[in-house]
Structures are given as structure tokens and as C-alpha cells.
Participant: 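Before we start, here is the structure in question, set down as C-alpha cells.
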Protein chains: 2
Amino acid sequence: MPEREADRSVSQTVRAQLALRDLILSGGLRPGERISELQAVETTGVSRTPVRMALVRLEEEGLLEAIPSGGFMVKAFSERDILDSIELRGTLEGLAARFAAERGVSARDLEPLKECLNEIDGLVRQDPISVEAFSSYVALNARFHPLLTELSRSPPLIRQIDRASALPFASPSGFVMAQSALPEAHQILLIAQDHHRVVIDAIENREGARAEAIMREHARLAARNLRLALRNRTHLDLLPALALIKSAAAD
Amino acid sequence: MPEREADRSVSQTVRAQLALRDLILSGGLRPGERISELQAVETTGVSRTPVRMALVRLEEEGLLEAIPSGGFMVKAFSERDILDSIELRGTLEGLAARFAAERGVSARDLEPLKECLNEIDGLVRQDPISVEAFSSYVALNARFHPLLTELSRSPPLIRQIDRASALPFASPSGFVMAQSALPEAHQILLIAQDHHRVVIDAIENREGARAEAIMREHARLAARNLRLALRNRTHLDLLPALALIKSAAAD
DNA sequence: CGCGCAAGTAATGTATACAGAAGGTACTCA
DNA sequence: TGAGTACCTTCTGTATACATTACTTGCGCG
């Protein structure tokens with residue numbers, strides 16, 4: 001079947017949203033820079049209507065900021081903003097873990113999570129850990145966290161966590177790859193995996209406060225990774241999203 | 001100056017958004033009901049383009065749900081959803097209070113909050129409390145909570161709290177008016193005001209954990225109000241948003 | 001030489017026309 | 001009588017044209 005010009009199956013709006021998001025995260029647009037709709041029409045190849053829709057959605061996503069007089073600009077983030085976003089995500093995931101513990105979960109619901117954990121165990125046993133193993137870890141981690149969130153069985157909370165994780169630097173896997181270049185890499189991964197095991201154990205034993213606390217601390221690993229990566233200033237290219245940081249980056 | 005057909009100063013999109021939100025919250029549309037764009041065009045009087053924009057924003061706001069095949073429907077909420085949304089808001093406000101306590105706030109920043117508290121004190125001294133006093137309380141409460149949130153000086157958190165409070169039944173003032181019809185009304189108001197004083201005290205003394213805990217508990221007053229109002233089933237007309245609840249309401 | 005105003009230009013907000021798809025209904029066949 | 005199919009209606013998604021508003025540039029006046 002002919003499939004020129006990208007997928008014909010997805011809507012123009014989604015296509016524009018993806019294209020613009022990539023453009024922003026790859027640093028194609030400077031923070032604070034106004035996004036011209038016509039310019040966006042040229043780069044995305046779709047009409048103004050879906051472009052406008054995509055811009056609105058990217059604003060809600062947090063990547064854009066509305067200009068009072070009209071239009072949108074690329075949002076700029078401080079390092080503090082990012083750290084706060086991580087703490088925020090950890091707090092929400094903590095709430096989800098507490099809900100799961102307090103309300104109880106069936107062994108059947110826990111099954112896919114334990115599978116994840118076992119697969120991750122296979123990875124972290126390596127020393128040193130290969131880059132491919134890191135990629136696998138990112139994938140497994142990106143599977144584990146949503147599963148954990150869903151254990152809360154709370155649609156409003158799940159929704160809010162999704163929104164809080166939409167910002168790439170706030171997502172559970174946002175800074176794992178940055179970590180791969182660090183000497184502490186293996187150690188941090190072992191700790192993260194221990195957090196995973198502890199939160200499942202806490203949920204199984206209906207220990208709400210413990211489940212909540214460990215998820216908060218778990219998120220703070222991401223904050224540590226960010227700080228280490230910024231200080232070392234090595235392999236920052238692994239983190240395209242950092243193009244949005246105000247002071248740093250911007251070579 | 002002529003001002004027919006509503007304000008000419010606000011955009012059509014905002015006008016449509018307000019009109020549709022009122023329509024939904026007043027129960028004009030049943031939960032689960034599909035919102036036809038053309039029908040929305042007729043009721044709002046604006047064209048399809050701003051109507052579509054308004055629908056997208058109302059979806060992000062949480063009042064609408066996207067239908068996979070296209071279009072939007074009015075979202076339905078369970079009582080549990082609402083209770084979770086309140087707990088969620090309390091958790092976020094707790095985080096804001098903790099940030100404020102940990103990072104410290106100046107006496108100048110606290111001034112407007114203390115003014116609020118003093119004004120509320122003047123209200124809760126009455127016994128019994130008039131309906132007008134309740135309205136004044138709602139207004140003051142709606143001023144206090146955003147001020148408290150801003151003490152965190154964390155734009156990402158402020159943004160997330162705004163979004164969590166957008167749902168009318170999750171907002172800090174969502175169930176205060178319902179409470180006015182209850183025999184426990186005065187007592188609950190006194191407790192709420194004590195929470196306000198305690199959180200400010202905790203922030204002043206840099207007691208982060210205490211500030212966080214009290215805001216969580218403070219939000220649970222709203223949950224109590226909701227449960228009492230639903231059990232008593234009196235003055236439910238004060239809560240138009242309850243038209244969105246799945247099982248209840250729906251006469 | 002600097003500030004302010006005006007005019008031109010460009011960009012956004014809005015309206016509408018068109019195409020494609022989804023859903024409903026009626027009819028036919030088993 | 002029930003199920004399946006085909007057609008028709010109605011809706012959404014997209015494109016584009018138009019109007020209004022904001023911004024910029026250049027000129028004139030102080």
C-alpha cells in the first residue's frame with residue numbers, strides 16, 4: 001500500500017504535534033522564541049488548523065507558553081523548575097503507591113510488575129553494564145512505572161501523573177541515560193531497582209506510608225542524576241530536553 | 001459604547017468555553033452524552049473553530065473526554081473519583097506548603113495571607129453563621145489557597161495545583177456552600193480556619209512536615225463535607241457540579 | 001539626535017466550505 | 001423473525017479565505 005508523506009492513518013493534528021515536539025526538544029527553537037503558525041505550517045507540511053490544535057495541546061503539555069497578545073512561545077525552564085517537577089512526580093507516584101497499599105491489590109495485578117522486576121534483575125547483575133543494557137533498563141522502567149501508577153485504580157490520579165510525566169525531564173526515565181555515562185551508574189541502578197522491590201513489598205503488606213515514602217525517594221534519584229550530569233557536563237547530548245534549560249546548555 | 005451580544009473584548013473561544021462549561025456544570029448535558037459541535041455552535045452563537053478550541057481546552061480541564069472515533073463527551077465521575085481528586089489536591093497543596101516552609105518566606109509575603117485569616121476570624125466569630133458570611137468565607141478561602149500555593153515559589157507546582165483545582169468539586173471552595181446547610185457547619189468552619197492558622201505557623205517555623213500534613217488533612221474536610229452532603233441529600237442544589245456524578249444526582 | 005506617531009506589514013482569531021468517515025436505519029435474505 | 005448489508009445522513013477533520021489586531025519600521029517634529 002502506498003504510504004508516502006508519513007502515515008496516512010494518523011491525524012494531521014497528531015503529526016503536527018509530534019513534529020513540533022521533536023523540533024522543540026531537539027533545540028530547533030530557542031526558549032522564549034515565538035512560534036509562528038505559518039512557519040510551523042511550512043515545517044510540518046500540514047495546514048494551519050491542525051497546527052493550531054497541536055500548539056494548544058503542546059501548551060497544555062507544558063512545552064509552550066501562551067503569549068498574552070496571542071500565539072505561543074517555547075517555554076524556558078530553570079534547573080529548579082526541573083528539580084521541582086521531579087519532586088512533584090515523585091509525590092504523585094507516592095500517592096499512587098499509598099492508594100495501592102491501602103486499597104489492596106490482587107496477586108494477579110502484581111504479576112506484570114514482578115515480571116518487570118525479574119527482567120531488570122537480569123540486567124543489573126552485569127558489571128559493568130553495557131549501553132544496550134541501559135536502553136533495556138529504560139524500556140523496562142518505562143513499563144514498570146505506569147503499571148505501578150495503575151495499581152492505585154484512581155483515574156484522576158493516573159491522569160495527573162501522566163500530565164506530570166509528560167515533560168521529558170520529569171518522566172521516570174528522563175535521566176537514566178544520562179546516568180549511563182557516570183561512574184556511579186551501576187550503583188544508582190542497583191538502588192533504583194531496590195526501590196522497585198521495596199515499593200512492591202510495601203504494597204503487598206499494606207504499608208501505605210512506606211510505599212509512599214519510597215516512591216518519593218525513588219524520584220529523587222532522577223534529581224541526583226540530573227545534578228551529576230550537569231556538574232560533569234559529559235554526555236549532555238544524551239539529554240536533548242536540556243535545550244529548554246534557561247542558563248545552562250545553549251552553546 | 002454599544003455592547004450587544006456579550007463582551008466584544010473577550011475572544012470567541014473564551015466565550016464558548018465559559019458557555020459550554022456553564023452548560024455542563026448546570027447539568028444541561030448528561031454525563032456520557034456526546035457533544036455535537038453544531039449543537040454547541042447554536043447554543044454559544046460562535047463559529048465552529050472557536051467551539052473546537054473550547055472543547056479541546058475543556059477536555060484538558062477534565063470536564064470532557066475524547067471519543068476515540070472523534071469528538072467529545074461529557075465526563076462522568078464516581079464519588080470515589082471526586083474523593084480522590086480532593087485527596088490529590090490536598091497532597092499537592094501539602095507539597096506547596098512544605099516547599100514554602102523549607103525554602104522560607106518573608107514576612108512581607110505572609111502579610112496578605114494573615115490579612116485573609118483575620119478577615120475570616122471576623123466571620124467565624126458569629127454563631128450561628130449567616131448565609132452571607134458563608135459566601136464571604138468562600139471568597140476569602142478562594143483568595144487564601146492560591147496565595148498559599150504561591151508561597152512555594154514553584155511554577156511547575158503552581159501550575160499543577162491550578163489544573164487539579166480546575167474541576168469544581170476538587171477546588172478548595174467546592175463544598176463549602178454545601179456545608180452551610182449542615183448542623184456541623186460552624187464547627188467545621190472553625191476547624192478549617194484553625195488549619196489555616198496552623199499551616200502559616202508551621203511555614204513561619206520552617207516545619208515542612210507539619211505544614212504538609214496539615215494541608216492534607218485540611219483537604220479532607222472537603223471530603224467530609226461531600227460525604228455529609230450526599231448522605232443528608234439536602235441542599236444538593238447548592239452543588240451544580242454534582243450533575244456529573246455517575247450514580248447519584250440524575251433525578 | 002531622540003522621541004513619538006503613523007502607516008504598512010505580518011500574524012493571529014474567526015468563519016466557512018469541503019471531504020472523508022462514522023453511525024444509524026431500512027430493507028433484504030436466510 | 002433475526003441478522004447482515006447497503007445506503008444515507010450527519011458528524012468531525014482539514015483547508016483556506018477574511019478581518020482585526022499587534023508589531024515594526026520609517027518619517028517627521030521637537
Side-chain angles (χ1 to χ4, degrees), chain A residues 1-21 23-24 28-61 63-75, chain B residues 1-21 23-24 28-61 63-75:
Chain A
M1 358 174 164
E3 201 173 303
R4 294 181 1 131
E5 299 180 357
D7 265 317
R8 207 169 292 279
S9 57
V10 304
S11 72
Q12 302 288 77
T13 299
V14 171
R15 203 176 308 171
Q17 192 174 349
L18 292 174
L20 289 174
R21 187 189 301 154
L23 194 63
I24 295 167
L29 283 339
R30 292 246 169 280
E33 189 175 343
R34 184 193 206 114
I35 293 196
S36 161
E37 291 182 4
L38 273 72
Q39 166 193 336
V41 164
E42 282 183 12
T43 50
T44 62
V46 304
S47 168
R48 265 191 70 208
T49 305
V51 160
R52 284 177 66 77
M53 286 299 209
L55 290 176
V56 170
R57 300 208 112 103
L58 288 172
E59 182 209 0
E60 299 290 344
E61 201 171 311
L63 255 47
L64 297 182
E65 200 173 345
I67 300 173
S69 67
F72 300 94
M73 56 183 244
V74 180
K75 205 160 174 177
Chain B
M1 356 172 166
E3 202 172 302
R4 290 181 5 130
E5 299 179 358
D7 265 317
R8 207 169 292 277
S9 58
V10 305
S11 73
Q12 302 288 75
T13 299
V14 172
R15 202 177 307 171
Q17 192 174 349
L18 292 174
L20 289 174
R21 187 189 303 155
L23 193 62
I24 295 167
L29 282 342
R30 292 246 169 281
E33 189 175 344
R34 184 192 205 113
I35 293 197
S36 161
E37 289 182 5
L38 289 127
Q39 166 192 337
V41 164
E42 283 183 11
T43 51
T44 62
V46 304
S47 166
R48 264 189 71 207
T49 304
V51 160
R52 284 177 66 77
M53 286 299 208
L55 290 176
V56 170
R57 301 207 112 102
L58 287 172
E59 182 209 359
E60 300 290 343
E61 201 171 312
L63 257 46
L64 297 182
E65 200 172 347
I67 299 174
S69 67
F72 300 94
M73 55 183 245
V74 179
K75 205 160 173 177

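So you know, we letter chains A, B, ... as the sequences are listed, proteins then strands, and number each from 1. Only this structure's heavy atoms are used, side chains among them; waters, hydrogens and symmetry mates stay out.
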Participant: Can you check whether A:L29 reaches A:Q39 side chain to side chain, under 4.5 Å on heavy atoms?
Facilitator: yes

Participant: Heavy atoms, side chains only, cut-off 4.5 Å: are B:T44 and B:V51 in contact?
Facilitator: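 B:T44 vs B:V51: side chains touch.
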
Participant: If you look at every heavy atom in B:L64 and B:F72, which pair is closest and at what distance?
Facilitator: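 Taking B:L64 first and B:F72 second, the nearest heavy atoms are CD1-CB, 4.1 Å.
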
Participant: Any side-chain heavy-atom pair from A:K75 and A:E59 closer than 4.5 angstrom?
Facilitator: no

Participant: Side chains of A:E33 and A:M73, heavy atoms from C-beta outward: is any pair under 4.5 Å?
Facilitator: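 A side-chain contact is absent here, since even the closest heavy-atom pair is not under 4.5 Å.
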
Participant: For the residue pair A:P50 and A:A16, what are the closest heavy atoms and their distance?
Facilitator: O-CB, 4.3 Å

Participant: Output one line per pair: protein atom, nucleotide atom from nucleotides 11-14 of chain D, and distance, for all N/O pairs under 3.5 Å.
Facilitator:
from, atom 1, to, atom 2, distance (Å)
D:dT12, OP1, B:I35, O, 3.2
D:dT12, OP1, B:E37, N, 3.2
D:dT12, OP2, B:E37, N, 3.1
D:dG13, OP2, B:R52, NH1, 2.9
D:dG13, OP2, B:R52, NH2, 3.1
D:dG13, N7, B:R48, NH2, 2.9
D:dG13, O6, B:R48, NH1, 2.8
D:dT14, OP1, A:Q12, N, 2.5
D:dT14, OP2, A:T13, OG1, 2.8

Participant: Expressed in angstrom and rounded to an integer, what is the separation of A:M73 atom CE from D:dC23 atom P?
Facilitator: 13 Å

Participant: Side-chain contact, heavy-atom cut-off 4.5 Å: B:L63 with B:V74?
Facilitator: no

Participant: If you define the side chain from C-beta out and look only at heavy atoms, does anything of B:M53 sit under 4.5 Å from B:Q17?
Facilitator: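 No, too far: nothing below the 4.5 Å cut-off.
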
Participant: Give me, pair by pair, the N or O atoms of the protein and of nucleotides 4-6 of chain C that are less than 3.5 Å apart, along with how far apart they are.
Facilitator:
none

